[in-house]
Amino acid sequence: MTETHTREWKRLWKDDYLKWICGFANAAGGVLEIGRDDDGRAVGVTDAATLLTEIPNKVQTTMGILVDVELTTENDLDLVTVRVAPHTQPISFRGEYYYRSGTTNQKLSGPALSRFILEKMNISWDAVTTQRVSLADLDAGAIAAWRRRALRHDRVDASILEESDEDLLRKLELIQDGELTNAAVLLFHPEPHRFYTNASIRIGYFINDWDVRYHDVIEGNLLHQFDFTYDLLTTKYLKAVISYEGTQRIESFPVPHAAMRETLLNAVVHRDYSQPVETQIRVYRDRMWITNVGHLPKGWSDADLLTSHESKPWNPRIARAFYRAGEIETWGRGIERIIEACRRAGVPTPKIS
């Protein structure tokens with residue numbers, strides 16, 4: 001046997017190990033065995049009877065949960081086994097949150113803690129409301145531009161598009177309990193970077209990995225960021241190779257427009273905007289490198305993106321607004337569309353990590 005994400009061994013009991021129980025409860029559950037050394041060999045405990053009473057009482061007092069504590073024997077040595085069930089609600093130990101990952105017990109703080117609590121509560125970050133921005137602060141022109149897109153692509157009933165801005169945003173679930181959500185601010189505020197650090201896109205043209213010749217920073221609402229960035233990439237950054245077929249002039253770009261557009265949409269829609277890291281695009285003579293901080297759905301790996309998969313957007317409300325505006329689909333085929341576009345253009349398929 002070895003220690004795993006659901007199994008931990010301790011030679012003797014210390015109250016500090018209540019943190020491990022908290023970590024198991026917040027993750028996939030697990031078993032804490034008291035009386036084994038680091039190699040899993042039974043060494044026994046001398047105070048087993050006391051621990052059978054103390055451990056469950058201390059767990060209930062400090063965390064408010066129940067655990068199964070039982071006495072087992074191995075080679076005539078007493079062992080105490082604590083079985084912890086996974087919990088759907090976030091569990092804290094003395095005001096702090098722990099999470100079992102691999103064979104380590106991690107104390108959660110900052111953005112990681114916020115993300116953990118939202119996931120446990122089944123709430124996406126873009127659905128969280130904010131009191132810092134009111135409806136009057138939003139850009140009426142941006143909302144009107146969204147209406148025109150939605151009308152052109154016929155993904156919203158025309159009668160809904162004629163409603164007031166407040167009613168429209170409520171129908172899009174961008175207003176909750178009378179307050180704007182984070183998604184509403186990112187989608188329609190003229191300067192969302194004032195509230196979410198580095199909610200922007202930075203593009204640079206690189207000769208090599210350290211020599212950048214020029215760059216731009218694009219700010220504003222998310223649809224504007226997408227439009228303006230795409231325009232810059234196709235007119236300023238990506239250089240076309242000119243060839244001829246007879247008298248016909250052919251322009252070939254190192255990155256097909258369809259693949260570039262889909263990649264950019266993925267970066268804008270699925271980025272984790274709670275993180276103060278801007279989306280970056282590095283353009284070289286023969287390739288483009290794009291990165292945005294984000295997270296795969298729970299249980300997914302990089303390989304899952306390359307096969308047929310369901311749509312699980314990190315920002316469901318932002319994704320819904322982009323879908324209604326006709327910019328994205330909802331079939332989870334974004335990566336497949338990028339690969340298909342590259343194959344049709346005869347260029348290498350992208351590397352994804």
Side-chain angles (χ1 to χ4, degrees), residues 1-122 272 293-307 312 353:
M1 295 191 301
T2 59
E3 289 183 319
T4 67
H5 69 291
T6 58
R7 184 190 300 125
E8 177 78 20
W9 297 320
K10 295 299 179 186
R11 181 179 287 270
L12 49 83
W13 171 258
K14 296 180 182 178
D15 284 353
D16 195 52
Y17 297 151
L18 290 167
K19 298 176 183 177
W20 269 254
I21 294 174
C22 179
F24 280 134
N26 284 325
V31 175
L32 176 65
E33 285 191 280
I34 313 300
R36 292 189 186 274
D37 63 17
D38 291 340
D39 296 320
R41 290 187 295 263
V43 294
V45 290
T46 57
D47 53 348
T50 301
L51 294 179
L52 290 176
T53 302
E54 284 189 355
I55 292 178
N57 287 338
K58 289 179 178 179
V59 170
Q60 187 171 24
T61 300
T62 58
M63 288 174 265
I65 63 174
L66 300 176
V67 293
D68 292 326
V69 184
E70 59 184 17
L71 176 67
T72 60
T73 60
E74 185 174 320
N75 298 330
D76 295 326
L77 297 170
D78 288 339
L79 304 174
V80 173
T81 302
V82 183
R83 300 186 184 278
V84 186
H87 283 67
T88 56
Q89 299 294 315
I91 304 300
S92 67
F93 170 66
R94 293 175 179 168
E96 296 179 328
Y97 293 83
Y98 296 86
Y99 189 86
R100 179 74 172 189
S101 178
T103 57
T104 63
N105 198 50
Q106 300 177 349
K107 178 182 175 181
L108 300 176
S109 62
L113 175 58
S114 299
R115 186 169 64 249
F116 162 75
I117 292 177
L118 288 175
E119 288 178 351
K120 281 289 185 181
M121 302 300 291
N122 198 28
D272 181 357
V293 61
H295 312 274
L296 291 175
K298 192 172 183 179
W300 286 27
S301 67
D302 295 356
D304 293 316
L305 295 176
L306 302 177
T307 59
K312 286 189 175 182
S353 62

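Heavy atoms only: backbone and side chains are in, while hydrogens, waters and symmetry mates are out. Worth saying up front: this structure is predicted, and the values here are computed from it rather than measured.
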For this session: With rounding to the nearest 0.5 Å, note down the distance linking CD1 in I34 to CG in L52.
Result: 11.0 Å
For this session: Return the set of residues passing salt bridge (charged side-chain N to carboxylate O under 4.0 Å, His left out) with E3 (not counting sequence neighbours), or none when no residue passes.
Result: none
Problem set entry | Value rounded to 0.5 Å, distance of CD in E33 from CD in E74 | 8.0 Å
Which pairs would a plain distance check flag for residues 40-48, meaning a side-chain donor or acceptor within less than 3.5 Å of a matching protein atom at least two apart in sequence or in another chain?
{"unit_1": "R41", "atom_1": "NE", "unit_2": "D37", "atom_2": "OD2", "d": "3.2"}
{"unit_1": "R41", "atom_1": "NH2", "unit_2": "D37", "atom_2": "OD2", "d": "3.3"}
{"unit_1": "R41", "atom_1": "NH2", "unit_2": "D39", "atom_2": "OD2", "d": "3.3"}

For this session: Identify the heavy atoms of V67 and P56 that sit nearest to each other, and give their distance.
Result: CG2-CA, 4.3 Å
Exercise. Could you state the interatomic distance from OG1 (T6) to CG (L32), rounded to the nearest 0.5 Å?
Worked result: 12.0 Å
Exercise. Can you list the residues that meet the side chain to side chain contact (heavy atoms under 4.5 Å, CB included) rule with R115, with sequence neighbours excluded?
Worked result: A112, E119, D272, Q275, H295, W314
For this session: Could you tell me the separation between the CG atom of L79 and the CG atom of L71, rounded to the nearest 0.5 Å?
Result: 8.0 Å
For this session: Name all residues meeting the side chain to side chain donor-acceptor pair (under 3.5 Å) criterion together with R100; count only those two or more places apart in sequence or in a different chain, and write none if there are none.
Result: E8
Give the table of side-chain donor-acceptor pairs shorter than 3.5 Å for residues 81-93, with sequence neighbours excluded, one pair per line with atom names and distance.
{"unit_1": "R83", "atom_1": "NE", "unit_2": "E70", "atom_2": "OE2", "d": "3.3"}
{"unit_1": "R83", "atom_1": "NH2", "unit_2": "E70", "atom_2": "OE2", "d": "3.3"}
{"unit_1": "H87", "atom_1": "ND1", "unit_2": "A85", "atom_2": "O", "d": "2.9"}

For this session: Scan residues 101-111 for pairs that pass side chain to side chain donor-acceptor pair (under 3.5 Å), counting only residues two or more places apart or in two chains.
Result: E96-K107
For this session: Verify side chain to side chain contact (heavy atoms under 4.5 Å, CB included) between V80 and W13, making sure each step is shown before the conclusion.
Result: CA-CA 9 Å; V80 173; W13 171 258; over 6 Å; no
Seminar exercise, completed: Tightest non-hydrogen contact, residues M63 and C22, listed as SD-CB, 3.6 Å
Problem set entry | Non-neighbouring partners of L113 that pass side chain to side chain contact (heavy atoms under 4.5 Å, CB included), sequence neighbours left out | Y97, L108, F116, I117
Exercise. Taking everything shown except D38 itself, do over 12 heavy atoms lie less than 6.0 Å from its CG?
Worked result: no
Exercise. Taking only residues two or more places apart in sequence, or in another chain, which ones meet D16 in a side chain to side chain contact (heavy atoms under 4.5 Å, CB included)?
Worked result: K19, W20
For this session: With sequence neighbours excluded, give me every salt bridge (charged side-chain N to carboxylate O under 4.0 Å, His left out) pair touching residues 49-62.
Result: D15-K58, E54-K58
Seminar exercise, completed: With sequence neighbours left out, the residues meeting side chain to side chain contact (heavy atoms under 4.5 Å, CB included) with D76 are none
Exercise. V59 versus L18: any side-chain heavy-atom pair under 4.5 Å?
Worked result: yes
For this session: Only counting residues at least two apart or in another chain, list the ones meeting side chain to side chain donor-acceptor pair (under 3.5 Å) with T72.
Result: none
Exercise. Of all residues at least two apart in sequence or in a different chain, which pass the side chain to side chain donor-acceptor pair (under 3.5 Å) check with K312?
Worked result: none
